Amino acid sequence: MQELAADACREIVRATRMLVNEGVMDAFGHVSVRKPNDPDKYLMSRACAPNLITSEDILEFTLESDLVQPNKAQLFAERVIHGEIYKVRPDVMAIVHCHPTSLLPFCISSTPLVPVFLMGATIGPHVPFWDQQDEFGDTTLLVVKPEEGRSLARALGQNSVVLMKRHGATAIGANLPDLVFRAVYACRNADAQSAAHALGAVVALSQGETERAGALCSRVGGFSSRTWDFWQHQLDLTGNSPTEG
Ligand code: MN
């Protein structure tokens, strides 16, 4: 990997390990980042266990989700999710696809996920659903064809998170700390909403609250900078920090 992107590779490794440590990812799922200074490429690991990735595993892809330098590495079948979103969302710099147990009940029940507390506002006022069955009929549920990725990107639209029926979720970020913040707090919001629903009526943030709190969550150098440091320290405490850099 070129020196230019070495920092980005190290950040993907940290982001991925944080998301495993915080329960957003398990053995499945993947994180990517748009290549710095080269917006028509993205960086993502080869297919491997997310908690074990190192910078050596990071590969460079075109927005068609082809390897820039073809090799024999096994690749994530669902990488088209990333390429197809980067194509249509120039503002998106990082993406995660995952199957968190917190979000799955919403993906299965089709109950709308709504922001219910300050940090939960990071999911935005609307979290759309995408059902692969609608356009593609019976599939393995893996998003592997470019047209499936394009369909998912259309469903995401200008939103920040899309829930995939009977499958999982995909979230976007303006950078990796922003992405990790959104992915973790989407799950915490889902947990809080589910728990509140068991107690009584769920009252979501108002539109104005969602806009104001959401802007606070997205401020560069704000919350996501603090959570990046916090979750990094949690990685250190659990011995799951990458040994490099
Ligand atoms: Mn998946």
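Keep in mind that the numbers below use all heavy atoms, side chains included, and drop hydrogens, waters and symmetry copies. Whatever order the structure lists ligands and atoms in, that order sets their numbers, starting from 1. None of the values given here were measured: they were computed from a predicted structure.
- With sequence neighbours excluded, the residues satisfying salt bridge (Lys or Arg N to Asp or Glu O under 4.0 Å) with E22 are R188.
- For H99 and H167, the ring centers sit closer than 6.0 Å to each other.
- Using a 4.5 Å cut-off on side-chain heavy atoms (C-beta onward), W231 and H233 make no contact.
- At a cut-off of 2.8 Å, measuring from the Mn ion (ligand 1), the protein N, O or S atoms that fall short of it are E78 OE1, H97 NE2, H99 NE2, H167 NE2, waters left aside.
- No hydrogens or angles considered: nothing links the side chains of R10 and S55 as a donor-acceptor pair under 3.5 Å.
- Using a 4.0 Å cut-off between charged side-chain N and carboxylate O, R14 and E11 make no salt bridge.
- In this structure, K165 forms a cation-pi arrangement with F129, its terminal cationic atom sitting closer than 6.0 Å to the ring centre and no more than 45° off the ring axis.
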